[in-house]
Structure formats: structure tokens, C-alpha cells
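Below is one structure, written out as C-alpha cells, with a few remarks after it.
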Amino acid sequence: MEKKRWDCTALPKGWKMEEVTRKSGLSAGKSDVYYFSPSGKKFRSKPQLARYLGNQMDLSSFDFRTGKMLMSKLNKNRQRLRYDNNNQNKGKPDLNTSLPVRQTASIFKQPVTKVTNHPNNKVKTDPQKAVDQPRQLFWEKKLSGLNAYDIAEELVKTMELPKGLQGVGPGCTDKTLLSAIASALHTSAAPITGQLSAAVEKNPGVWLNTAQPLCKAFIVTDEDIRKQEELVYSVRKRLEEALMADMLAHVEEAANDGEALKEEGNGSEDMESV
């Protein structure tokens, strides 16, 4: 292993940053980053560092991998803090995580219950009452243009859908189709079959089935299931190898640290004997 240690200017005075590069094994070339407090305590992750520093320093814009403050993220945090201070008297924020479906009140008749002490009173219900709230057509387009970024503010690669899945409706893109299928799997327990009516391609505003995602009807074959099983097995195998290599590297690092401490102890004893 190759170790490099230097002062971390983004943290308080006395903090050190160490980068360990592995030279052999399956994880050769991989680098691990550690931080050392002025007292010599070692930290392996950003959450450990944040718990130790507490209120001494805000690490929300700190990049653990590079040891620097991300200025773009720091400016965003400052703008958000300024906005929160200006709007703190305007009520609580909306923390609702429901999907952006139509939120208007239902126009259908609702059951009415009349409660009195008279024994002849009965509960009257409307048999044609709507059970589900009506959904706005093509609401999935509200999710277009949204992207996911990692801690280094790099764009996260999106999933690639199978060729058999084809979108329907105006302006339907792969991202819109992906969000529609994900929301259907998340909110509905019914099977996902797509739009079964052929007329939906001619006039989706009239024939669209809002309970199904914005895609044409498709069939999952046994071959598709077999390919997916092979893909899952391959990914699990790679994950197992990576975890095993990481564990062996940590064991080797601990052994090297122990030998280094032992050599330092022997050196100090020799100096005392002299």
C-alpha cells in the first residue's frame, strides 16, 4: 500500500487527511481516504466526522473524498438559509411526499349519514359513489426535467428500459415512461400491463387508462425473466467479490498498522537501553 498524508485546510487546524492506495489484489488502484484529529483519532466516513465535530463546523458542503468544500453547494446552502430566514413567518413548509396527482375535491355524490336519537333513521349511501379520486391526465410530465446528482454534483446515470416498452401520449420520453412505470409499481397492487386499448394511440386524451403507465401493452416472457435472473446473479457475484476484496484489504491494513506500532515500540525500547 502507498500512503500519503497532508494537512486538511478545510477542517480546523491540526486535522490531517490520509489517502491509501492499494497496489495489489482485486481492488488494486482503489484509494481510501481517512482523517485524523489533532489527538490522532482516525475517522473512516463523513458521518463519523460530523458526529465528532458536532456544532463546531457545518459539513453539509464538505466533500469527504477530496477534503474540500464544494463552493457551488455552499452557495446553494447559503441561498436556502437566506430564503428560510425570509420565509420563516409564512407558515410551515409542505412536507407532503405524495405523487403530483390532481388534488381537487371530488364532484361525485358522497354518502350522507344522519345521526339523531330517532329509531327509524337510516344511513343512505349512493351506490354510484366514486371510490378512487380522479387523476389528471399525463401528470407524469410534471416529473420531466428532474435529474439526480451524487455528492460530487455529478449526474447519476439513469436506467435503460427494455426495447419492448414504448411510450404513448404527447411528448412521452424515456424519462417520463420510467417515472410512470415506477409510480405505477409504487402506488398500485394491480398487474402492470400497459395500455391495452389500441385506440389510445389515436386519441390518448380520451382512451387513456389512468390506472396503467404511459406505455403500450407488453408481455413479459420466460426469456426476459431468465435474462433478468442472470443479470441479478452477475451483479450479486461482483458485489460479493468487491466486499471480500475490501475485507481482505482492511485486514491487511490492520496487520500493517500493528507491525508499524510494534516496530515503533522496539525502537523506543532500544533508545531507552542506550
Within 45° cone and under 6.0 Å: K16 NZ/CZ vs F36 ring: no

Does M17 offer a backbone N or O that forms a donor-acceptor pair with the side chain of K4 under 3.5 Å? no

So how far is it from [X] [atom1] to [Y] [atom2], rounded to the nearest 0.5 Å?
X	Y	atom1	atom2	value
D246	E253	CG	CD	9.5 Å
I181	L177	CD1	CG	4.0 Å
K46	R51	NZ	CZ	13.0 Å

Can you sort out the partners of [X] under salt bridge (charged side-chain N to carboxylate O under 4.0 Å, His left out), two or more places apart, ordered by chain and number?
X	answer
D224	none
R44	none
D32	R22
E19	none

Using residues 235-242 as the side-chain source, report each donor-acceptor pair under 3.5 Å to any protein atom, sequence neighbours left out, with the distance given to one decimal.
none

side-chain contact (heavy atoms from CB on, under 4.5 Å) partners for [X], two or more places apart:
X	result
K41	S37, S39, F43, Y52
N209	Q195, A211, Q212
M57	L11, P12, L53, L59, M69

Side chains of L214 and L208, heavy atoms from C-beta outward: is any pair under 4.5 Å? yes

Least distance between heavy atoms, [X] atom then [Y] atom:
X	Y	value
C215	V168	N-CG2, 3.8 Å
P38	W15	CD-NE1, 3.6 Å
Y35	F64	OH-O, 2.8 Å
L165	F218	CD2-CD2, 3.5 Å
A184	P213	CB-CD, 4.1 Å
G67	A10	O-CB, 3.4 Å

List the atom pairs, donor and acceptor, that lie under 3.5 Å between side-chain atoms in residues 227-234 and the rest of the protein, sequence neighbours left out.
unit_1 : atom_1 : unit_2 : atom_2 : d
E230   : OE2    : R226   : NH1    : 2.5

Residues joined to L196 in its hydrophobic cluster, side chain to side chain under 4.5 Å directly or through other members, sorted by chain and number, are none

Report yes or no: do W6 and L49 belong to one cluster of Ile/Leu/Val/Met/Phe/Trp/Tyr joined by side chain heavy-atom distances under 4.5 Å? yes

Using the side-chain hydrogen bond (donor to acceptor under 3.5 Å, both in side chains) criterion, which residues pair with T9? Sequence neighbours excluded. none

Check whether more than 12 heavy atoms from other residues, nucleotides or ligands sit under 6.0 Å from atom CG of L155, and answer yes or no. yes

Counting heavy atoms not belonging to D222, are there more than 12 under 6.0 Å from its CG? no

Is there any salt bridge (Lys or Arg N to Asp or Glu O under 4.0 Å) pair reaching into residues 59-69, and which pairs are they, with sequence neighbours excluded? none

